[in-house]
J.: 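Just passing along the structure, written as structure tokens.
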Number of protein chains: 2
Amino acid sequence: MKRIFTVLLVCSGFAASAQKSENLIQYVKPIVGTQRMGHTFPGATVPFGMVQLSPETDTVGYELNGHYNPKVYEYCAGYQYEDKTIVGFSHTHFSGTGHSDLGDFLIMPTVGQLKLNPGTADKPHSGYRSPFSHANEVAEANYYKVKLDEHNITAELTTTTRVGFHQYTFPKSDDAHIILDLMSGIYNYPDKNVWTYMRVIDDRHVVGYRLTNGWARTRALYFAMEFSKPFIGHGYKNFSKREVYGGFWGKFASVKNFPEIAGKNLRAYFNFGKTEEGEKIKIKFAISPVSMQGAQANLAAEAKTWDFDQIKKEGQDAWEKELHKITIQGNKEIKENFYTSMYHTMINPTVYMDVDGKYKGLDQEIHTAKGFTNYTTFSLWDTHRALHPLFNIIDPERNADMVKSMLAHFDQSPEHMLPVWSNSANENWCMSGYHSVSVIADAVVKGNVPFDANKALEACVTTATHRDYLGIGDYMDLGYIPDEKDGNSVSSTLEYAYDDWCIAQMAKKLGNEAIYKEFSKRAENYKNVYDPKSGFMHPRNADGKFRKNFDPFTTINQGFIEGNAWNYTLYVPHDPASLIKLMGGNKRFVTYVDSLFSYNLPDKYFAETEDITKDGIIGNYVHGNEPSHHVAYLYDWTDKPWKAQDKIRMILPKMYKPTPDGLGGNDDTGQMSAWYIFSSLGFYPVAPASDQYAIGSPAVDGAVVQVGNGKTFNIHVNNQSAKNVYIQKIILNGKPLNKLFLSHADIMNGGEITFFMGPKHK
Amino acid sequence: MKRIFTVLLVCSGFAASAQKSENLIQYVKPIVGTQRMGHTFPGATVPFGMVQLSPETDTVGYELNGHYNPKVYEYCAGYQYEDKTIVGFSHTHFSGTGHSDLGDFLIMPTVGQLKLNPGTADKPHSGYRSPFSHANEVAEANYYKVKLDEHNITAELTTTTRVGFHQYTFPKSDDAHIILDLMSGIYNYPDKNVWTYMRVIDDRHVVGYRLTNGWARTRALYFAMEFSKPFIGHGYKNFSKREVYGGFWGKFASVKNFPEIAGKNLRAYFNFGKTEEGEKIKIKFAISPVSMQGAQANLAAEAKTWDFDQIKKEGQDAWEKELHKITIQGNKEIKENFYTSMYHTMINPTVYMDVDGKYKGLDQEIHTAKGFTNYTTFSLWDTHRALHPLFNIIDPERNADMVKSMLAHFDQSPEHMLPVWSNSANENWCMSGYHSVSVIADAVVKGNVPFDANKALEACVTTATHRDYLGIGDYMDLGYIPDEKDGNSVSSTLEYAYDDWCIAQMAKKLGNEAIYKEFSKRAENYKNVYDPKSGFMHPRNADGKFRKNFDPFTTINQGFIEGNAWNYTLYVPHDPASLIKLMGGNKRFVTYVDSLFSYNLPDKYFAETEDITKDGIIGNYVHGNEPSHHVAYLYDWTDKPWKAQDKIRMILPKMYKPTPDGLGGNDDTGQMSAWYIFSSLGFYPVAPASDQYAIGSPAVDGAVVQVGNGKTFNIHVNNQSAKNVYIQKIILNGKPLNKLFLSHADIMNGGEITFFMGPKHK
């Protein structure tokens with residue numbers, strides 16, 4: 001028996017390693033999640049690229065007739081699959097967020113009469129936009145192609161880290177243009193464009209910048225643009241109600257072909273006159289958070305060639321390298337789900353510095369990253385759960401650079417806080433908690449510490465004791481946030497308690513007993529909002545009494561954010577055993593979790609749920625939002641661990657499909673995808689900052705994980721199928737694993753694990 | 001006889017050199033020109049200081065009910081002598097301009113109830129402004145003091161080059177505040193404030209910036225502010241119609257004491273609680289064109305002490321040094337006029353770089369000035385005439401740095417042009433001509449060339465052949481600008497002709513025969529707009545015909561700017577002899593110039609005249625505007641040179657008085673004052689870029705000029721009085737001067753000149 005297993009192991013190991021040479025990009029479908037709520041974008045980017053060059057299918061104002069325009073939400077990533085027109089290609093995007101910004105520097109090639117308005121979707125001829133069809137669209141990692149039907153132009157996009165590379169194949173035409181729309185942006189608040197500037201150096205080189213007041217309060221982005229062919233003329237139009245002030249510029253005979261423009265709402269154009277059939281006009285478009293000079297240097301450093309295919313190949317090679325960090329066995333759909341998930345975990349955070357290491361800091365000053373790559377776009381409420389833990393396994397060095405970026409953020413933060421949601425030298429303060437501490441503690445606990453851990457601990461403590469921020473003062477005084485003080489008092493209390501536990505773990509690892517004790521005590525604060533009468537985590541007043549009118553199904557005004565009480569009550573990832581006890585013991589707890597998955601939430605409640613489609617919900621379990629991501633794994637702490645396996649294998653195919661509408665909710669800068677990767681491999685970090693992973697049910701037939709230190713962790717899965725979702729036994733490095741947990745060391749030391757699967761739970 | 005003269009010379013020479021030890025600041029009256037049209041400011045500055053810290057007596061919107069508000073013009077320098085209230089003290093000003101900008105970072109100390117609106121002049125209690133009285137006001141070079149009656153606070157201001165130093169002496173109070181108004185500015189266009197940002201580092205240190213779209217299209221200025229005493233709280237109010245976007249800042253319990261703010265229209269305040277009677281709160285306020293870090297470094301480098309008197313003294317010592325470059329003999333009024341003029345010639349241009357040499361260039365990028373001090377605020381239409389020639393005598397090194405700044409401007413200019421009116425990394429394109437070439441050629445011809453003169457010549461030629469700018473293309477094709485193409489076709493043609501002559505002189509000096517010939521030919525283009533029929537320089541159509549309807553008295557719509565045909569016809573400074581011939585010879589010319597001074601311009605014409613008060617006009621001679629500044633000296637080319645002496649001695653006391661209303665027109669960044677200095681010394685550079693100065697009639701009783709190369713030029717004036725205005729003879733270095741011209745070498749070689757004056761012309 002043992003012998004047979006050995007043979008099997010060797011075979012599957014061989015198979016897994018043979019996978020390495022397979023092209024994995026073929027399984028990446030950037031189009032996944034672009035329909036409805038996924039909020040991903042289909043365009044081109046290299047892993048963690050500062051430039052993320054993608055089509056916008058509409059530019060929607062944040063306000064409509066003076067009120068919030070709900071349609072703006074659909075365009076968090078600029079692209080909606082069901083749209084019929086494209087307005088252009090812009091250079092910066094978020095992937096999967098539920099609020100947005102960016103969409104900088106929209107470029108659109110056109111022929112014929114010059115139009116400087118985008119026009120409307122129902123009347124595309126009224127503007128520069130063009131109808132397109134998915135039949136003429138190709139979306140690969142670092143490559144996007146589409147035919148712009150209106151203009152008979154084929155657009156192709158690829159990128160380097162800091163340069164967008166456009167290739168437009170024109171028809172025979174008498175009047176070819178390229179439009180640079182400096183107004184366009186995602187989440188276009190009125191007056192979002194604070195200032196834009198453009199300088200034409202010569203007939204092939206243009207630089208400029210844009211300063212916006214959006215989700216990021218004060219965001220500047222600079223560009224340098226190079227055309228492959230000289231333009232024969234250029235110009236702009238001011239779309240502000242007022243003329244731009246500034247000097248007596250009327251002294252120039254013409255406003256056309258002007259070497260510099262500035263204003264709040266400008267669209268520029270470059271004319272190329274006649275084009276031949278099939279003539280290509282290419283653009284290298286570099287960005288910089290620092291200066292136009294910085295953008296020029298980025299362009300010079302990264303895009304030396306005009307060979308589009310070479311740039312594309314270099315970026316795709318980079319993707320292959322990243323994707324190969326985990327090679328799996330499985331059918332095409334599994335591979336498409338898996339590698340599309342891998343792809344989506346490597347878009348945000350993004351590099352945020354020039355090739356010389358300069359970047360803008362939170363203090364709005366220019367800094368130089370010394371010894372690390374600086375990143376921005378930390379959506380930490382989402383990503384602390386599984387994305388950063390994933391990086392800690394397959395890319396620990398990059399994760400440490402992200403931690404260093406967070407610590408630089410802290411140093412530069414006027415509020416003296418670690419990032420909550422960092423957005424291009426700004427803090428959005430989006431969502432609750434101070435989950436940077438989870439990411440930092442996770443790295444420290446797991447020994448990935450190429451930074452000053454004691455200084456990092458100090459930053460964590462400073463952040464966690466900022467009394468003026470989101471109820472922290474009350475939380476410190478009372479042990480919970482009173483209902484009357486904050487609309488999300490319960491979820492915030494729960495999240496703080498988890499974060500405090502992270503700080504305690506980190507302090508313990510660093511031998512700081514005082515902080516360990518203080519924050520271990522704070523980590524129990526979740527108990528203060530549990531109401532034994534209602535059986536839920538429950539809003540509580542400052543006088544200690546629990547709120548009377550309370551609806552555990554409702555998300556709105558019940559003390560929680562992006563989750564109702566039923567889901568959030570389970571949010572004690574750092575101490576499920578105590579939670580189970582608190583909630584009445586194993587039996588009641590199992591029933592409770594069961595009911596979460598089985599109770600069909602009435603429509604009236606769903607209407608209040610944020611950021612997910614109806615497909616993103618199972619019963620009352622909301623996978624499309626993050627607070628429940630650990631919930632299925634909680635069965636591991638009960639006498640029914642097989643129910644975890646059951647649920648995970650139900651969630652995986654239901655919530656992840658290799659189709660445009662394949663994501664049941666916002667991908668949230670890769671957190672949804674990171675959940676997929678862990679869960680399909682068979683384990684999950686229920687509580688980052690612990691070194692334990694809870695076992696689930698692998699959906700792959702095998703995997704080889706390059707664990708970032710040169711070692712490999714081989715995952716073998718025996719007899720797995722859609723029906724065989726139950727673990728029969730597990731062999732770790734030749735020995736039975738008699739618990740439902742893997743340690744970080746088990747993975748990072750390399751080795752082999754074999755899951756034996758079957759149709760019935762044990 | 002000869003012997004007697006020698007004794008006299010020795011005596012007066014001795015007297016002049018004894019003057020050196022006299023305190024000259026006592027004669028500087030910064031208040032001169034603050035009433036009505038002078039547009040000077042009374043506040044504190046060191047020579048050419050980047051910070052020019054001065055009270056604003058009102059903040060006036062550029063528009064009133066949607067239309068241009070004519071009152072805004074009165075506040076070009078922020079201060080009007082007749083006003084009864086002060087709104088605060090801001091850090092940047094122009095001196096004597098006729099259009100404006102700046103007024104950055106207004107500070108106002110108050111006690112009692114906090115008010116964040118300035119209030120109105122007729123209801124000062126409605127806001128933070130305060131009534132004041134001139135009885136409680138002191139304005140010296142680098143020192144300003146005023147009592148703010150409303151608050152019973154004494155304000156004192158002094159500066160270093162880059163730091164404003166405020167000293168506020170409070171009464172006993174329970175509630176002391178210092179307001180930092182980030183909205184306030186001079187020439188407040190609607191939406192002029194593009195963006196402002198402020199970061200509170202700790203309870204004594206604040207940094208920030210302001211980005212404006214005003215006369216300068218895209219101007220950024222950064223600051224670093226240090227209080228002598230910790231504030232106990234701070235806050236701000238947003239005066240925009242909209243809330244400031246940007247993140248979920250509501251998560252902070254309080255918007256008070258917030259470490260950072262940003263927005264378009266903000267006023268901030270700092271609370272100091274109780275103050276004792278006589279308690280001083282001091283502020284060091286540094287600015288930078290580069291960054292907040294730059295401002296902090298400027299503050300640290302220049303203002304190490306909290307000793308107000310020391311900073312004041314250092315700045316006043318710097319003024320003494322500058323003022324001593326010319327010591328004169330004369331009565332108190334003459335000295336006040338003279339040293340106030342000296343003072344006003346050393347305010348603009350201003351230093352425009354940080355202590356480390358960094359500055360923002362015309363290309364909106366950060367540059368470093370290597371081997372020179374970078375300057376901005378070049379109002380060249382005004383200052384090429386006498387201000388830069390004055391610098392070439394008394395401060396050639398600084399003038400060369402200004403030329404280097406102009407050449408850097410050219411290198412960075414997107415339009416590839418030398419400055420016309422440079423304003424803080426922007427080009428205003430104010431007024432006509434390309435008079436940088438005059439300044440550069442003047443330096444080259446006079447041998448002040450510590451720069452690459454051939455490269456400079458190239459920049460001049462490039463500028464002069466920019467066909468798209470202000471009729472240059474037509475001018476090059478036709479030899480004049482056609483009337484139908486430009487509203488100021490004649491004055492521009494005349495100015496180009498002079499500028500072209502400057503280029504020719506420079507080319508000649510550099511041995512470039514081709515350019516010399518080309519531009520010597522262009523220099524004669526003034527002849528193309530002289531109409532022998534009308535006897536005036538006259539608007540001419542493209543077809544060669546002169547305009548039919550023409551009024552030589554009117555300034556508006558007759559082909560001229562800031563001058564009518566009668567004045568402008570004399571604008572051929574580079575070739576008066578040919579002009580005289582062109583205009584019909586000596587006799588007609590003398591009659592023509594006579595009539596200019598004697599013909600009383602009817603009121604209806606005066607109403608159209610810009611930038612001067614009615615006192616600024618003598619007959620039809622408009623001294624308050626620059627195009628006539630050389631006119632009185634033109635008699636030197638006729639058989640009636642005594643008329644020059646006559647007129648100059650009429651103009652001097654009429655146009656310059658040591659009183660608030662003592663300037664008959666805008667001082668125009670020192671040009672009016674430079675005219676005073678030259679003319680009162682007895683000579684004037686009619687055509688800069690020639691090495692000749694025309695002799696006038698000295699109004700001083702003697703002077704010693706430190707000519708900037710270590711030598712001194714001694715001017716003795718014998719028997720001069722208000723009646724004795726006519727030159728009887730001139731002795732230069734012991735020999736009679738038998739012509740009406742001094743050469744630059746005569747002055748720069750050092751030596752002695754003696755004017756013998758009498759009551760009757762010779």
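Worth saying up front: this structure is predicted, and the values here are computed from it rather than measured.
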J.: Using a cut-off of under 4.5 Å on heavy-atom pairs, state which of B:Glu427, B:Arg199, B:Arg467, B:Arg219 scores highest against chain A.
T.: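 The answer is B:Arg199.
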J.: Short question: side chain of B:Lys251, backbone of A:Trp429 - any donor-acceptor pair under 3.5 Å?
T.: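 Yes; at least one donor-acceptor contact below 3.5 Å.
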J.: In this structure, is the centre-to-centre distance between the rings of B:Trp195 and A:Trp195 below 6.0 Å?
T.: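 No, they do not, as the ring centres are separated by 6.0 Å or more.
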J.: For A:Asn426, is it the side chain, the backbone, both, or neither that has a heavy atom closer than 4.5 Å to a heavy atom of chain B?
T.: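 For A:Asn426, no heavy atom lies under 4.5 Å from chain B.
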J.: Chain A heavy atoms under 4.5 Å from B:Tyr197: which part of the residue, side chain, backbone, both or neither?
T.: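 Only the side chain of B:Tyr197 comes within 4.5 Å of chain A.
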J.: Apply salt bridge (Lys or Arg N to Asp or Glu O under 4.0 Å) to B:Lys360 and list each qualifying residue two or more places apart in sequence or on a separate chain.
T.: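 Per chain and number, B:Lys360 pairs via salt bridge (Lys or Arg N to Asp or Glu O under 4.0 Å) with no residue.
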J.: Among B:Gly250, B:Ala253, B:Gly263, which has the most heavy-atom pairs under 4.5 Å with chain A?
T.: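 Highest number of pairs under 4.5 Å: B:Ala253.
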J.: Chain A contacts: which residues in residues 410-424 of chain B have a non-hydrogen atom closer than 4.5 Å to it?
T.: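 Answer by number: B:Pro414, B:Glu415, B:Met417.
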J.: Measure across A:Val244 and B:Arg217 and return the closest heavy-atom pair with its distance rounded to 0.1 Å.
T.: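 Shortest heavy-atom separation between A:Val244 and B:Arg217 comes out as CG1-CD, 3.8 Å.
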J.: Name all residues meeting the salt bridge (Lys or Arg N to Asp or Glu O under 4.0 Å) criterion together with A:Arg242; count only those two or more places apart in sequence or in a different chain, and write none if there are none.
T.: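 A:Arg242: salt bridge (Lys or Arg N to Asp or Glu O under 4.0 Å) contacts with B:Glu63, B:Asp191.
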J.: To the closest 0.5 Å, what do you measure between OH (A:Tyr245) and OH (B:Tyr187)?
T.: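 A:Tyr245 OH to B:Tyr187 OH: 13.0 Å, rounded to 0.5 Å.
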J.: Report yes if the side chains of B:Gln296 and A:Glu365 come closer than 4.5 Å at any heavy-atom pair, otherwise no.
T.: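 Yes, their side chains come closer than 4.5 Å.
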J.: Roughly how far, to the nearest 0.5 Å, is CG of B:Asp468 from OG of A:Ser254?
T.: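 One finds 5.5 Å between OG of A:Ser254 and CG of B:Asp468.
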J.: Less than 4.5 Å to any heavy atom of chain B: does that hold for the side chain of A:Ile472, its backbone, both, or neither?
T.: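 It is neither, since no heavy atom gets under 4.5 Å.
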J.: Kindly write out the residues that satisfy side chain to side chain contact (heavy atoms under 4.5 Å, CB included) with B:Ser240, not counting sequence neighbours, or none if the list is empty.
T.: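 Expected list: B:Asn238, B:Lys264, B:Asn265.
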J.: Is it the backbone or the side chain of A:Tyr209 that comes under 4.5 Å from a heavy atom of chain B, or both, or neither?
T.: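 For A:Tyr209, side-chain heavy atoms alone lie under 4.5 Å from chain B.
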J.: Does any backbone or side-chain atom of A:Ala262 lie under 4.5 Å from a heavy atom of chain B? Answer side chain, backbone, both or neither.
T.: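 Both backbone and side chain of A:Ala262 come within 4.5 Å of chain B.
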J.: For the residue pair B:Trp215 and A:Phe248, does the interplanar ring angle fall in the parallel (under 30°), tilted (30 to 60°) or perpendicular (over 60°) class?
T.: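 Taking A:Phe248 first and then B:Trp215, their aromatic rings sit tilted (interplane angle of 30° to 60°).
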J.: Can you confirm whether A:Gln364 sits close enough to B:Glu260 that some side-chain heavy atom of one is under 4.5 Å from a side-chain heavy atom of the other?
T.: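 Contact flag for A:Gln364/B:Glu260 side chains = no.
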J.: Do you know which of A:Asp363, A:Ile201, A:Asn428 has the most heavy-atom pairs with chain B at a distance under 4.5 angstrom?
T.: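 Highest number of heavy-atom pairs under 4.5 Å: A:Asp363.
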J.: Which bit of A:Phe258 comes within less than 4.5 Å of chain B, counting heavy atoms only: side chain, backbone, both or neither?
T.: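 Looking at A:Phe258, just its side chain touches chain B.
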J.: So which of A:Cys430, A:Ser291, A:Ala216 has the largest heavy-atom pair count under 4.5 angstrom toward chain B?
T.: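 Going by pairs under 4.5 Å, I would pick A:Cys430.
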